[in-house]
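Presented below is the structure to which this report refers.
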Amino acid sequence: MPKLPPRFNFTEVEAKWCKYWEDNHTFHATPKPDKKPYTIVIPPPNVTGILHMGHGLNNTLQDIMARYKRMNGFETCWMVGTDHAGIATQNVVEKQLAKEGKTRYDIGRDEMLNRLWAWKEDYGGTIINQLKKLGSSCDWDRLRFTMDDGYSQAVKHVFVELYKKNLIYRGKYIINWCPRCQTALSDEEAEHKDTQGNLYHIKYPFKDIPNHFVTVATTRPETMLGDTAVAVNPADKRYQDLIGKILVLPIIGREIKIIADELVDPAFGSGAVKVTPAHDPNDFTMGTRHNLEFINIMHPDAKLNKEAGKFEGLDRFDGRKAVIDTLKNLELIEKIEPHIHAVGHCYRCNTVVEPYLSKQWFVNMKPLAKPALKAVVDGTIKFYPDRWTKVYINWMEGIRDWCISRQIWWGHRIPVWYCGTCEDHPIVSETIPTECPHCHSKDLKQDEDVLDTWFSSWLWPFATFGWPGNTFNEIASSQKAVSRNDDLKYFYPTNSLFTASEIIFFWVSRMVMAGYEFMGEAPFKDVYIHGTVRDAKGRKMSKSLGNALDPLEIIAEYGADALRFSLIMNSGQDLFISKEKFEGGRNFANKIWNASRLILINTKPENRKISAPPQTNDLASQWIISKFYTTLTEVNTAIEGYRFSEAENLIYDFFWKNYCDWFLEISKNKFSDDKVQQTAFFILKESLRMIHPFMPFVTEELWENLTENDIPLSLDSWPKTKSEFLNVAAIDQMDTLINLVSVIRNIRSQWHIKPQEEIECYFAAVDSYSKTLLKDNSETLTSFLKLKNFQLHDKLPTHKDAASGVVSSTGGQPIKFTIPLGELVDLAKEKAKMQHEIMLKEKSAAGISQRLKNESFVSKAPADVIEKEQARLIVLIQETKELQEVLKNLQ
RNA sequence: GGACUCAUAGCUCAGCUGGUUAGAGCGCUGCCCUCACAUGGCAGAGGUCGUAGGUUCAAGUCCUACUGAGUCCACCA
């Protein structure tokens with residue numbers, strides 16, 4: 001018999017099973033015709049990532065589902081890998097370079113890429129190892145990276161396909177520009193934050209009317225240097241006569257026209273707006289419409305260029321001050337008002353982004369959005385919780401084109417070449433072209449830019465399984481069956497996706513679009529959106545705030561099982577986490593451990609070879625078996641409905657309260673009984689299965705010590721629900737016993753009763769109990785017990801638990817005790833139920849009769865309604881009488 | 001400006017389709033080192049379910065308004 005120490009040594013155990021699972025490829029999945037697949041793809045963490053609580057939660061959720069499905073006989077593949085995270089990774093390496101006093105331009109593109117790959121080799125696996133420590137049951141043999149050769153091929157292929165379908169185009173538009181990262185960003189990558197700024201009202205003088213001005217309002221006065229018009233609403237009476245008049249742009253002296261455009265809101269500011277077509281999306285639209293000049297006043301680093309005249313070389317914010325000062329001196333500032341407005345910030349470096357005119361590649365999203373929208377509207381794809389459905393739909397309906405080119409080096413280089421002689425025809429190709437197809441020139445240059453990281457992530461559910469691979473030449477257009485390799489055939493579409501709400505637009509929605517476009521079907525069926533992990537004060541956890549709890553520290557101090565357990569316990573919505581919360585998980589793991597020790601010490605090996613619940617007359621045994629199966633059913637429902645915290649609560653309650661506190665305590669004095677041993681062991685074993693997805697390490701270790709099974713618990717089966725073991729009578733009787741014992745304990749505790757005084761205590765308790773239960777029938781229970789010749793123990797055994805004392809008083813035959821109680825309580829329950837019913841009926845009747853007396857009701861209500869109410873009243877009164885009659889006869 | 005979420009014990013939250021006495025964990029109080037576990041056991045105190053209306057025989061649960069907290073979206077310069 002193995003001996004277990006009194007403490008669960010998680011450090012050792014976790015290391016042992018991490019290694020075991022990995023060495024044995026426990027979680028490697030391959031297509032198996034006789035099994036159903038279950039697939040989850042991990043939201044690939046950034047290579048730059050280090051495990052934070054959000055990862056902890058996200059991956060625990062996935063792992064619970066994966067282990068649950070695996071144990072339920074599904075060939076479960078949890079696809080794993082990392083994302084190259086273009087801007088983030090490049091930023092990290094650029095910081096390293098900066099320490100050497102260099103920039104990426106100093107070392108050149110090739111050397112920079114070498115450094116990036118070297119960094120990836122050195123540190124890119126960090127988060128993967130951390131995921132392993134969490135106990136994640138990923139298919140580690142399939143580990144992918146978004147810049148793998150095969151994956152890169154998929155990205156190129158997608159670009160070329162979309163280009164062929166006219167869904168990718170290149171053009172000069174206003175995009176979000178990060179002056180620090182010096183790259184374009186998509187709309188989603190610009191985070192709008194309310195910022196305190198000013199609204200500057202500037203007077204623009206007329207060319208021909210001295211001392212007359214038009215006032216315009218702006219939050220970014222420096223952009224006035226690039227103004228090429230002033231616009232008013234065509235319906236605005238104040239300005240109708242002025243349309244077409246010429247103004248002189250202050251400082252610069254450019255002559256600009258007053259134009260009329262619907263875009264202008266007459267109610268805002270003065271109703272006249274300066275138009276800077278190269279620095280504002282609205283103005284860009286107007287500029288195009290009115291054929292205005294597009295004057296770019298900034299360098300890519302947001303320093304003002306020569307168009308800014310004397311301000312050339314100033315940073316945009318210094319430029320702003322300088323422009324205002326100059327205008328003040330010219331007495332052209334009418335007023336400056338404080339103004340809160342949403343300003344875009346780079347999601348990678350938090351720099352204020354600049355709306356900037358530049359030539360970029362875009363994806364035409366509307367055609368892609370169509371099937372993706374339909375799938376969610378018609379329920380093919382479901383969100384859990386449901387409210388995210390609306391968020392997704394809103395975004396899809398208002399979808400805008402996606403800027404996918406980035407002016408950085410780390411990523412998939414855009415597969416487009418430009419010919420030195422005939423520039424107008426970009427060569428879009430999956431392979432490196434040798435000559436220009438138009439003029440046969442060999443002077444070809446590849447586009448300098450790389451693709452948005454998300455342009456590779458959106459292919460994750462199928463590119464990871466080898467797409468396009470051998471399906472390369474057989475891609476069908478959307479909505480048609482697609483030829484697939486074995487893995488794709490088997491594992492795609494995937495089943496569930498687990499992610500955070502911030503990622504819905506970046507990733508979830510785009511994966512759906514890509515799924516339909518390239519695979520002809522949705523990439524997953526369910527999307528589970530979990531909450532954000534916050535600190536105890538409700539702030540997002542972040543390094544800069546210094547409030548981040550490091551999951552690895554928690555694992556070291558409390559164990560991975562504890563981390564997982566406590567995260568899930570709090571995962572109903574957003575989580576507020578502090579260190580103490582993990583004690584609960586640690587304590588539960590320890591409880592499981594010690595319950596197992598008790599069983600191991602007290603059961604004979606032959607009683608541990610049991611695969612079905614034993615047939616037994618023992619009430620507590622019948623009860624715990626019953627309880628286990630009802631709990632199991634509820635747990636199944638909760639997990640299938642993605643209600644993990646509920647599932648965990650059910651399990652916790654069952655194991656701790658029912659199994660340990662009641663069943664084991666009662667059974668302690670009866671452990672010589674083989675049947676009791678068998679029950680205790682069987683329920684423990686089944687509980688370990690049920691706990692395993694939540695706490696894989698402690699359960700795996702105990703499984704090894706308790707069973708002679710060769711396969712790890714990870715690959716064993718989930719308990720089967722068995723309705724035949726649902727024993728309602730046992731549950732009822734045990735409830736009664738629990739109630740009785742609680743009352744006894746209550747009195748014992750309040751009166752500070754000593755063991756020698758037990759007899760009186762017991763009778764007092766019984767009386768008290770009967771009062772509680774039978775109200776005005778306080779004699780019933782006592783006399784009933786006497787009638788049945790029931791003898792109470794004269795002394796409480798010197799045992800800590802009153803429950804064992806009471807039960808053992810019948811000499812190991814609790815059934816003697818509980819049958820009379822059960823009968824009695826059935827009666828009492830029946831009565832209580834009836835009394836309640838009578839009360840409800842009386843109340844209803846009172847309500848209705850009051851209504852019928854209400855004059856306005858009688859006069860206004862239609863006749864048939866009144867009749868109905870009267871009929872109901874009569875029925876209610878009749879029923880009440882009948883019930884009261886029955887109740888009388890019972891007593 | 002639109003949309004959404006939340007408001008229940010000192011704290012963090014359950015309470016799914018309205019129906020017996022509103023639950024748990026932590027914290028708090030009292031009693032227990034008892035041979036699985038003090039990371040434990042037993043008992044207890046603590047709630048007019050944000051405010052005001054409404055629907056209903058019946059509302060923490062449904063509706064409306066308000067207040068407070070938070071999140072997302074949006075081209076009002």
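Per chain, numbering begins at 1; letters A, B, ... match sequence-line order. Computation of the quantities below employed the complete heavy-atom set of this structure, encompassing side-chain atoms and omitting hydrogens, waters and symmetry-equivalent molecules.
- For E665(A), counting side-chain heavy atoms from C-beta on, the closest listed nucleotide (A74(B), U12(B), C37(B)) is C37(B).
- Phosphate contact (OP1/OP2 of A3(B), side-chain N/O of R387(A), threshold under 4.0 Å): absent.
- Residues that satisfy the ring pair (Phe, Tyr, Trp, His ring centres under 6.0 Å) test with F694(A), not counting sequence neighbours, are absent from this structure.
- If you take CH2 of W388(A) and C1' of C4(B), they are 8 Å apart, rounded to a whole angstrom.
- Side-chain proximity of F268(A) to the nucleotides G40(B), U5(B), C76(B) is greatest for C76(B).
- For R510(A) and W402(A), the positive end sits near the middle of the six-membered ring, less than 6.0 Å away and at most 45° from its axis.
- Applying the 4.0 Å criterion to OP1 and OP2 of G27(B), one finds that K581(A) has every side-chain N and O outside that range.
- Using the six-membered ring where Trp is involved, Y642(A) and Y528(A) have ring planes that are parallel, under 30° apart on the 30 and 60° scheme.
- Listed nucleotides: A36(B), C76(B), U39(B). Nearest to the side chain of D265(A): C76(B).
- Among the protein residues, F505(A) comes within range of the sugar-phosphate backbone only, with heavy atoms under 4.0 Å from sugar or phosphate atoms but none that close to a base.
- Nucleic acid contact class of A342(A) (heavy atoms, under 4.0 Å, all strands): base.
- Remark: the separation of the P atoms in A43(B) and C62(B) is 34 Å, to the nearest Å.
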List the atom pairs, donor and acceptor, that lie under 3.5 Å between side-chain atoms in residues 382-389 of chain A and the rest of the protein, sequence neighbours left out.
{"residue": "D386(A)", "atom": "OD1", "partner": "T389(A)", "partner atom": "OG1", "Å": "3.0"}
{"residue": "T389(A)", "atom": "OG1", "partner": "D386(A)", "partner atom": "O", "Å": "2.7"}

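- At A3(B), none of the side-chain N or O atoms of K390(A) fall inside 4.0 Å of OP1 or OP2 (strictly under the cut-off).
- Of the listed nucleotides (C75(B), C76(B), C37(B)), C75(B) has the atom at the smallest distance from the side chain of N282(A).
- Looking at heavy-atom distances under 4.0 Å, V391(A) makes no contact with the nucleic acid at all.
- Annotated stems with RNA chain B as a participant read B:1-7 with B:67-73, B:10-13 with B:23-26, B:28-32 with B:40-44, B:50-54 with B:62-66, given as range with range, by first number; only runs of 3 or more Watson-Crick or G-U pairs under 3.5 Å qualify.
- Using a 4.0 Å cut-off, no side-chain N or O of R7(A) falls inside it from OP1 or OP2 of C37(B).
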